[in-house]
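Below: the structure, in structure tokens.
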Amino acid sequence: MSSLFPALNAAPDRTALRFGDRTLSYSQLAAAAGETATRLGNANRVLVWAAPALETAVAVVAALLAGVPAVPVNPRSGERELAHIVADSSPSLVLAEADTPLPETLGGLPHADIATVAEGDTAQWALAPGPDPESAGLIVYTSGTTGPPKGVVLSRRAIASNLDALADAWQWTEDDVLVHGLPLFHVHGLILGVLGPLRRGGTLHHLGKFSPGGVAAALSAGGTMLFGVPTMYHRLAEALESEPGLVPALSGARLLVSGSAPLPLSDHERITAATGRHVVERYGMSETLINTSVRADGEPRPGTVGVPLADVDLRLVDESGQRVGSGDGESVDVVGEVQVRGPNLFTEYLNRPDATTDAFDGGWFRTGDMATLDREGHVRLVGRKGTDLIKSGGYKIGAGEIENVLLEHPGVAEVAVTGAPDPDLGEHVVAWIVATDPSDPPSAEELTEFVSAQLAPYKRPRTVHCLKALPRNDMGKVLKRDLVLPEPGRAGTV
Ligand code: MLC
Ligand code: AMP
């Protein structure tokens, strides 16, 4: 296969990465990644401690050059999810920035520092022909409705073809400077946000941590594209008047892209009214990378996620498995589940053959997202099939994972976790509990801390309600759709 990153050789002097004041040109990145690749030895898989730092980008490029599948992990993972990822992916070693204190949960795995300069001659790495395109490039963990997160195996072919399809949709070139402050352990921030600019031979300017001021400064300093989750665009919309320089910075950008969750029309409208720019929405998933997008050369379509990318087949299917909403005449605007097919799809869930089989309908991947198609084929997402997945700040959170942790608290007899609408986060996590001793229920703080010891901070319940009983159907299944407050702030302990 040709190289995933031709610019490592072809554009040695161009800036590849900027994190704060630290930059690496393509030749410096080739040297640093080559040195890091040398440290991988015969690793079968490598866990990358994916802090929002330049080192994470170097480590992932190194693993891809060496043909060693990389497993990026959130450095703020809780003990339980980290232990699960280590046991499930059985990496040979951990790559982390020098002097990073690594938790005991890593169980004494060998580790190597990520190099930022070459110590020996590392030129061969960037020149070597890549391994088999069907081989695994990255394994990204994503929450499901129940149980622990699943490892989504993404081939080098899926990554390369999807980034090239996005370049076509967004007219993304080596002249682009991409700005974002996304985390580097998911598809959005890492694959699109780091590997995307590097595949084009352009530049990534990462903010370290998202803030409207950081966005204003980076776009004013030459940024041409911005990536963010809707919470980030909401915060930009809120800051349009107060943040100096933000309006001209956004107005001057070539492309503003939102994804990972729905961007409310009110935020679209506020940003467009102030800046004259339309935010472009695209729709993806860990398992599929990006399926659809509003095109840079197309009409702005707020409220839709655009059209399928080149090579992506998309169809809507009803409950009985029949195709609906083909966009022809009467089936326009009929709701169905989105199914997709194409070179963008993942290979499998690691160690989960049954889950992999269940995820497919023939060659089509069942996304679980519900949508309609309009007459021109634009996709409008309208919700999800189940209630057990929550999107908060663009993070996917499985209700079952949090319920399992809370059930281990001695003060909790029963629990259901749901997502409640939130103007900033899209949804926030709510726990509904029945206390073991109703006269002495555990406090919300105690339960939140209990969860945060086991899971990443963003999975903590923001609200806890104590009920006498959970609403259940005749089969005993909790009726989550009935778990809504009659009036804001009325029921239970918060
Ligand atoms: C959270 N916090 C709590 C809490 N819950 N504190 C007390 N009680 C609770 N119940 C703390 C957190 O630890 C954190 O602390 C702070 O509150 C904020 O939590 P947060 O949830 O991280 O929010 P915030 O920092 O405000 O960040 C918002 C955000 C972030 C938008 C920057 O959510 C984010 O980076 N989202 C991106 C998600 C993403 O990349 N998704 C892509 C998935 S891929 P502290 O100490 O940190 O301040 C995908 C495919 C596709 O979906 O299509 O792209
Ligand atoms: P993840 O598994 O974290 O990759 O999340 C994938 C899910 O995010 C999808 O199945 C959708 O439900 C949601 N999603 C991604 N992009 C969008 C978007 N632009 N609008 C609405 N939902 C989105």
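Bear in mind that the values here come from a model prediction, so they are computed numbers and not experimental data. Read the numbers this way: they start at 1 and go in the same order the structure lists the ligands and their atoms.
The shortest N or O to N or O distance between G393 and ligand 1 is under 3.5 Å. No N or O atom of S258 sits closer than 3.5 Å to an N or O atom of ligand 2. Residue T448 has no N or O atom closer than 3.5 Å to an N or O atom of ligand 1. Checked against a 3.5 angstrom limit, the closest N/O atoms of S286 and ligand 1 fall outside it. Checked by distance only, ligand 2 and T367 stay at 3.5 Å or farther apart across all their nitrogen or oxygen atoms. Considering backbone and side-chain N/O atoms, P461 comes within less than 3.5 Å of an N/O atom of ligand 1. Polar contact with ligand 1: absent for V229 (N/O pair, distance under 3.5 Å). Inclusion of Y283 in the set of residues having an N or O under 3.5 Å from an N or O of ligand 2 is not warranted. The shortest N or O to N or O distance between Y283 and ligand 1 is not under 3.5 Å.
In the vicinity of R384, heavy-atom distances shorter than 4.0 Å reach the ligand 2 atoms 10 (O), 12 (O). Close approach to T231 involves these atoms of ligand 1, each under 4.0 Å from a residue heavy atom: 31 (C). Counting atoms of ligand 2 from 1 in the listed order, those under 4.0 Å from a heavy atom of L381 are 20 (N), 21 (C), 22 (N). The atoms of ligand 2 that sit less than 4.0 Å from any heavy atom of T142 are 2 (O). Close contacts between ligand 1 and G284 involve ligand atoms 53 (O) [criterion: under 4.0 Å to a heavy atom]. The ligand atoms of ligand 2 that sit less than 4.0 angstrom from a heavy atom of E281 are 19 (N), 20 (N). Those atoms of ligand 1 that come under 4.0 Å of a heavy atom in P457, given as number and element, are 1 (C), 5 (N), 12 (C), 13 (O). Numbered from 1 in the order shown, with element, the atoms of ligand 1 that lie under 4.0 Å from a heavy atom of H186 read 43 (C), 44 (S).
Taking all heavy atoms of G398, P149, S260 into account, the minimum distance to atom 16 (N) of ligand 2 is reached by S260. Nearest residue to atom 28 (C) of ligand 1 from R235, E287, K391, M232 is R235 (criterion: closest heavy atom). Considering each of K391, K150, H186, M370, the one bringing a non-hydrogen atom nearest atom 5 (O) of ligand 2 is K391. Ranked by closest heavy atom to atom 30 (C) of ligand 1, the top entry among Y395, Y458, F227 is Y395.
In this structure W49 satisfies the ring-ring contact (aromatic ring centres under 6.0 Å, His included) test with no other residue, sequence neighbours excluded.
With D318 contributing its side chain and S320 its backbone, the two residues share a donor-acceptor pair below 3.5 Å. Panel note: side chain T203, backbone A16; no donor-acceptor pair is recorded below 3.5 Å.
Among all protein heavy atoms, the one lying closest to atom 2 (O) of ligand 2 is K396 NZ, 2.7 Å. Counting only heavy atoms of the protein, atom 18 (C) of ligand 1 lies nearest to R462 NH2, 4.2 Å.
In this structure, atom 5 (N) of ligand 1 has protein heavy atoms in its sub-4.0 angstrom surroundings. Put simply, atom 1 (C) of ligand 1 has protein non-hydrogen atoms near it, under 4.0 Å away. Protein heavy atoms all stay at least 4.0 Å away from atom 25 (O) of ligand 1. Of the protein's heavy atoms, none falls inside 4.0 Å of atom 16 (C) of ligand 1. Atom 36 (N) of ligand 1 is flagged as protein-proximal [any protein heavy atom, distance under 4.0 Å].
The minimum heavy-atom distance linking E281 with G303 is given by the pair OE2-N, 4.2 Å.
A ring-centre distance under 6.0 Å is found for H206 and H180. If you look at F365 and F346, their ring centroids are closer than 6.0 Å.
Within the 4.0 Å heavy-atom cutoff, F210 does not count among the residues contacting ligand 1. Heavy atoms of G189 stay at 4.0 angstrom or farther from ligand 1. Using a 4.0 Å cutoff on heavy atoms, K396 does not count as a contact of ligand 1. For the ligand labelled ligand 1, residue P183 lies inside the 4.0 Å heavy-atom shell.
R380 CZ: 12 or fewer foreign heavy atoms inside a 6.0 Å radius.
The side-chain hydrogen bond (donor to acceptor under 3.5 Å, both in side chains) test with D422 is passed by exactly one of R462, H234, H428: H428. The residue from E414, H409, E408 that alone fulfils the side chain to side chain contact (heavy atoms under 4.5 Å, CB included) condition with V412 is H409. Checked options L154, I290, N291; the residue passing with N344 is N291 (criterion: side chain to side chain contact (heavy atoms under 4.5 Å, CB included)).
Taking 4.0 Å as the cut-off between side-chain N and carboxylate O, D311 and R341 do not count as a salt-bridged pair.
Annotation: cation-pi geometry not satisfied between R295 and W170 (NZ/CZ under 6.0 angstrom from ring centroid, within 45° of ring axis).
Here side-chain hydrogen bond (donor to acceptor under 3.5 Å, both in side chains) pairs that include residues 69-78, with residues two or more places apart or in two chains, number zero.
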